[in-house]
Amino acid sequence: MAEKQLLLIDGNSIVFRAFYAMHTQIDRFTNQDGLHTAAIYGFKLMLDHVLDNFKPDAALVAFDAGKTTFRTAKYHDYKAGRAKTPEELTEQFPYVRQLVEASGLHSYELPDYEADDIIGTLAKQADQAGFRTLIVSGDRDLTQLATDHTTVAVTKKGVTQTEHFTPEYMKEKLGVTPTQFIDVKALMGDSSDNYPGVTKIGEKTALNLIREYGSLDGLYENIDQMKKSKRKENLINEEAIARQCQDLARIRRDAPVKIGLADLAYEGPQQEKLIDLFEKLNFKSFLAKMQVAPDTHQPVVSEQVQFTELTTDNLAELKQIKDQMVFLLELPDPNYHVSAVAGFVIGSQGHWWVSQDPELLSAPEIKELLENPKIKKDTFNAKAHYVALHRQGIELHGNGFDFLLVSYLLNTNDNSNDLGQLAHEHNYYQVQSDEEVYGKGKSRHLPDDRSVFFTHLVQKGMAIEQLKHPLTDQLHENEQWPLYTDIERPLSHVLAKMEIAGVHVDATTLKEMGSKLKERLAELEQAIYNEAGEEFNINSTKQLGTILFEKMKLPVIKKTKTGYSTSVEVLEKLQGRAPIIDNILVYRQISKIQSTYITGLLKVIHSSDQKIHTRYLQTLTQTGRLSSVDPNLQNIPVRLEEGRKIRRAFKPSQPGWKIFSSDYSQVELRVLAHVTGDRNLQQDFIDGKDIHESTARRIFHLLPGEKVTPNMRRQAKAVNFGIVYGISDYGLSQNIHVTRKQAHEFIQSYFKEFPGVQEYIENIVKLAKKQGYVETLTHRRRYLPEINSKNFSRRSFAERTAMNTPIQGSAADIIKIAMINMNEQLQKAGLKAKMLLQIHDELIFEAPEEEIDQLRELVPKVMDSAVKLDVPLKVESKVGDTWYDLK
DNA sequence: TAAGTCACG
DNA sequence: ACGTACGTGACTTAC
């Protein structure tokens, strides 16, 4: 039989390592009571890692008993001068001990001795008893305990990466034995334990000396033969010190420990205790993992799930469904416009039906359920379901509880798209994440075993059912119920319709542009190679940096983490120094257009209808805005003419139709005027002034007759933006190229003219610090966990967010309301016009020419009456034959 | 997979 | 003294 295995952990040193390894994230690891948990978390990581790789029969975590030990008695400076252990760490120790206990490991401490000595003593006993021992520590001193039967693992990076010291490894790496290492320490000293060693002897010299003389004793026996040197003098003069240091460095192997190997049997973790502890500590990922047996990947605590596989023969069973059902499609590809349907689950009143046959959805028994608005569907991502079902000719109606949408509203940080992960966030563990069931990356696939697949589907359905009521209650508590039922839920349907409608993009136009750009790129490439004197990859910032800053010796303006910055700001500062710069700037511009907007868009035009169908992510941004992916249609070029031409390819889908667009003018600044209540800002909007001009007039103290110069307006505009973003003098100075001092003066002047804004900023930050979150007009909530961080940079960021989010988020609320109303009004008026795109403050439609006059009236009316603010909203409309031609 | 860059509001 | 504007997504190169 294999030899027995003993695990010995140096508790204090691992806790310290864990604490400092995760120190940069100290504020991210706190539980609901503000207790810091990073060290406990790190300790648990280490523990799991060790137990995965080493199966102990006996295990002990040794702790230091107190500040004073026999070493301090002998040498009172031992470990003196150490910085006091921070409170954020000391508060974690009791929990580490609870963790150790719940994990089924013994712990021990011994007055007057350090953890090292306990470990040294027990390791010796274990060697004699024929155990194989693993010692885990963050302290290299313990390597002196390595023997043929005892390996010492010392943390290297983080808490799980360790270096394993055996006698052979030490011989190879350091050229000394474990015992000799004690004498090395004696000579070199230890600054953290605060013993000096011999003057001028560091690790290198100490190792050399011990390698040469074999030991400290050997060295002093032969010291007379040593060549005369300052070092020899020091060694002779400080022999007593060296001997004392040797005594301090030597870990005791005969400490009076009151326990023996027989008391250390490892019997594995106590689930209940661990669950309680992790809940207290808010360790959700560990909780999630615990619920699943690592071998079967089946949840440990779930009762056997019961389900019926639907066939054409038993569809009649669904007749019992009356007013509510859980419905979930399994769509393996995140792009639900094209994804296959791998299966689906229907649940109602404790019955679960599953199928892998999407054809069944079109059976009247199911189709009628789905299309009946009186039967509410509880699901996950209703929008994806609308779109996917639409492809099968099914119109989904009756949107009930949408777990994805609700999770996001409760906490915008929960923007995972995985049902299992989100369920875990809400402390529901009887469901696995898709990654756990299907794998990730290349190896992601549906399980071969159909029952595994169906079980997963049913468990997802059950999660929706179980979480519906608690999460609905939370929405009510947060005053977010109307936000859900009146805005986000109906919006998901509106967005689905827009995505399904798609936008016609003319591939021929793009291809023609593409071939012209290709020629220009080739010319630019040649010019750049000529100027550089060699061929290189212009798209590689690394290669470009070498050419510009090493070969051509241009001045380095800015560095990035990995090398020279070659961003536009940098290149613009270098303009005029070499013709290559202009060419690179143009090359970059063209190649961006070519790769992202020509090739990129061509790839996503559906061949069936010549349209692009983006997906709006409704549960991603921290502010409540939408985002657009596959492709992103919210960043089609407009600022520079060259790129703007891309918009020529965006055309109406039918002859005789036009593109129509309406956008909110200065919506964020109007929201600012509303939420701050600033009288001056409000008055300027009420008076219908050009807001940047009137801001300039105020902050530059112009008299009534004086003109606002374009430069003044430009600067005032930047100040206005700065205010919305959470201003800093540095940021503003960078943006408008003035000194920091000037920027500071602009800001002060702004606050003087708009005192309500200044007051708002102060108040919102205070409020955020007090309640931990900020809200928009519709009670959309963003939590700011770092608002009270001790780290200046993190805290400042949270403070800027605290002021920006209500502004940007309320503007997002407004256009969402407008979109829902717009959808209704178009229907009501019986118009053929279709809403196609939303670009944050702008809505784009296509419509028959004869409807344009109606739209010119209707759209602005709907948009500016979406909400009632203390200032008017202003909407501007344009029409054209393509998106480019809007006028 | 991360970093750099650049497109948009 | 700290290290900076807010919110996004796609493409490319380099590791």
Q. So does A:K874 pair up with A:E876, basic N to acidic O under 4.0 Å?
A. yes

Expected list for residues 570-590 of chain A near DNA chain B, using heavy atoms below 4.0 Å, is A:R588

query = Which part of the nucleic acid does A:A743 contact within heavy-atom distance under 4.0 Å: base, sugar-phosphate only, or nothing?
reply = nothing

Of the candidates B:dA7, C:dG3, C:dC11, the side chain of A:S793 sits closest to C:dG3

Check your understanding: So what does A:I727 touch, heavy atoms closer than 4.0 Å: a base, only the sugar-phosphate, or nothing?
Key -> base

Taking any heavy-atom pair under 4.0 Å as a contact, classify A:S565: base, sugar-phosphate, or nothing.
sugar-phosphate

Rounded to the nearest 0.5 Å, the OG atom of A:S796 sits from the CD atom of A:E799 at a distance of 5.5 Å

Regarding the side chain of A:N537, the nearest nucleotide among C:dT13, C:dA10, C:dG7 is C:dT13

Report task. Taking only Lys NZ, Arg NE, NH1 and NH2, and the carboxylate oxygens of Asp or Glu, determine whether A:R444 and A:E435 approach each other closer than 4.0 Å. Result -> no

Tell me what A:T599 touches on the nucleic acid: a base, only sugar-phosphate, or nothing, going by heavy atoms under 4.0 Å.
nothing

Identify every side-chain donor-acceptor pair in residues 813-821 of chain A under 3.5 Å, counting partners at least two apart or on other chains, and give the distances.
| from | atom 1 | to | atom 2 | distance (Å) |
| --- | --- | --- | --- | --- |
| A:D813 | OD1 | A:T778 | OG1 | 3.4 |
| A:D813 | OD1 | A:R780 | NE | 3.0 |
| A:D813 | OD1 | A:R780 | NH2 | 3.0 |
| A:D813 | OD2 | A:T776 | OG1 | 2.6 |
| A:D813 | OD2 | A:T778 | N | 3.4 |
| A:D813 | OD2 | A:T778 | OG1 | 2.9 |
| A:K816 | NZ | A:E488 | OE1 | 3.3 |
| A:K816 | NZ | A:E488 | OE2 | 2.8 |
| A:K816 | NZ | A:G624 | O | 2.7 |

Could you tell me how far B:dC6 sits from C:dC2 if I compare only their P atoms? Round to whole Å. 28 Å

task: Just call it for A:Q622: base, sugar-phosphate, or nothing, with non-hydrogen atoms closer than 4.0 Å on any strand.
output: sugar-phosphate

Walking DNA chain C from its 5' end, the first of A:S628 and A:A718 to be reached, judged by nearest nucleotide, is A:A718

The Watson-Crick or G-U wobble partner of C:dC2, with both key distances under 3.5 Å, is none

**Prompt:** What about A:Q634, does its side chain sit under 3.5 Å from the base of B:dC8 through a donor-acceptor pair?
**Reply:** no

Of the listed C:dC2, C:dG7, B:dG4, the closest approach to the A:R625 side chain comes from C:dG7

Here the distance between atom C1' of C:dT4 and atom CD1 of A:I747, to the nearest Å, is 11 Å

Please determine whether a side-chain nitrogen or oxygen atom of A:S627 lies at a distance below 4.0 Å from atom OP1 or OP2 of C:dG9.
yes

Among the nucleotides B:dG4, C:dC11, B:dA7, whichever has the atom closest to the side chain of A:S595 is C:dC11

Taking only N and O in the side chain of A:T562, is any of them less than 4.0 Å away from OP1 or OP2 of B:dG4? yes

Return yes if the base of C:dT4 and the side-chain atoms of A:R794 contain a donor-acceptor N/O pair under 3.5 Å, otherwise no. no

To the nearest angstrom, the CG-P distance between A:N735 and C:dA5 comes to 10 Å

Whole-Å distance, A:R800 CZ to C:dC2 P, equals 16 Å

(Q) Base, sugar-phosphate or nothing for A:N635? Non-hydrogen atoms, less than 4.0 Å. (A) base

### Task
Would you please say whether a donor-acceptor pair under 3.5 Å links the side chains of A:D414 and A:S407?
no

Under a 3.5 Å limit on both distances, the Watson-Crick or wobble mate of C:dA10 is B:dT5

Between NZ of A:K558 and C1' of C:dT4 the distance, given in whole Å, is 12 Å

Note to self: Heavy atoms only, 4.0 Å cut-off, all strands: where does A:V629 land among base, sugar-phosphate and nothing?
What the structure shows: sugar-phosphate

A:S540 has its side chain closest, among C:dA14, B:dG9, B:dG4, to C:dA14

TODO: Using a 4.0 Å heavy-atom cut-off across all strands, classify A:L620 as base, sugar-phosphate, or nothing.
DONE: sugar-phosphate

Task: Distance-only donor-acceptor check, side chains A:Y773 and A:R781, under 3.5 Å - done: yes

Rounded to whole Å, CD1 of A:I598 lies from C1' of C:dC11 at a distance of 14 Å

- Query: Which part of the nucleic acid, if any, lies within reach of A:G600 when heavy atoms closer than 4.0 Å are counted: base, sugar-phosphate only, or nothing?
  - Reply: sugar-phosphate

Requested in this report: Remember a base hit wins even if backbone is also touched, and classify A:R782 as base, sugar-phosphate or nothing at under 4.0 Å, heavy atoms.
Outcome: sugar-phosphate

Side-chain atoms of A:T621 come closest, of C:dG7, B:dC8, C:dT13, to C:dG7

Winner on side-chain proximity to A:Y725, out of C:dT12, C:dG9, C:dA5, is C:dA5

To the nearest angstrom, the CD-C1' distance between A:Q543 and B:dG4 comes to 14 Å

- Using a heavy-atom cut-off of under 4.0 Å over every strand shown, decide if A:I636 touches base, sugar-phosphate, or nothing. sugar-phosphate

Side-chain atoms of A:T623 come closest, of C:dA14, C:dT13, C:dG7, to C:dG7

Return yes if a side-chain donor-acceptor contact under 3.5 Å exists between A:T623 and A:T805, otherwise no. no

Atom CZ of A:R615 and atom P of C:dT8 are separated, to the nearest Å, by 17 Å

Next on the checklist: With a 6.0 Å cut-off (strictly less than), is the heavy-atom count around CZ of A:R577, excluding the residue itself, greater than 12?
Outcome noted: no

Item to complete: May I ask you to say what A:K592 touches in the nucleic acid, namely base, sugar-phosphate or nothing, with a heavy-atom cut-off under 4.0 Å?
Response: base

Of the listed C:dC6, C:dG9, C:dA14, the closest approach to the A:N632 side chain comes from C:dG9

Checking C:dA5, C:dG7, B:dA7 against the side chain of A:L732 (C-beta onward), the nearest is C:dA5

Tell me whether A:K752 at atom NZ has more than 12 heavy atoms from other residues, nucleotides or ligands lying less than 6.0 Å away. no

Q) Should A:K542 be listed as having a side-chain N or O under 4.0 Å from OP1 or OP2 of C:dT12? A) no

Taking A:D729 first and then A:K741, would you say they form a salt bridge - that is, a charged N and a carboxylate O separated by under 4.0 Å? no

Tested for salt bridge (Lys or Arg N to Asp or Glu O under 4.0 Å) against A:E499, the lone hit among A:K383, A:R615, A:K611 is A:K383

message: So, under a plain 3.5 Å distance rule, would you say the side chain of A:S728 forms a donor-acceptor pair with the base of C:dT4?
response: yes

A:L617 CG to C:dG9 P, in whole Å, measures 6 Å

- Using a cut-off of 4.0 Å on non-hydrogen atoms, how would the nucleic acid contact of A:E668 be classed: base, sugar-phosphate, or nothing? nothing

| request: Would you classify A:T566 as touching base, sugar-phosphate or nothing, given that sugar-phosphate means primed atoms plus P, OP1 and OP2, and contacts are heavy atoms under 4.0 Å? | output: sugar-phosphate

P gap between B:dT5 and C:dA5, integer Å = 14 Å

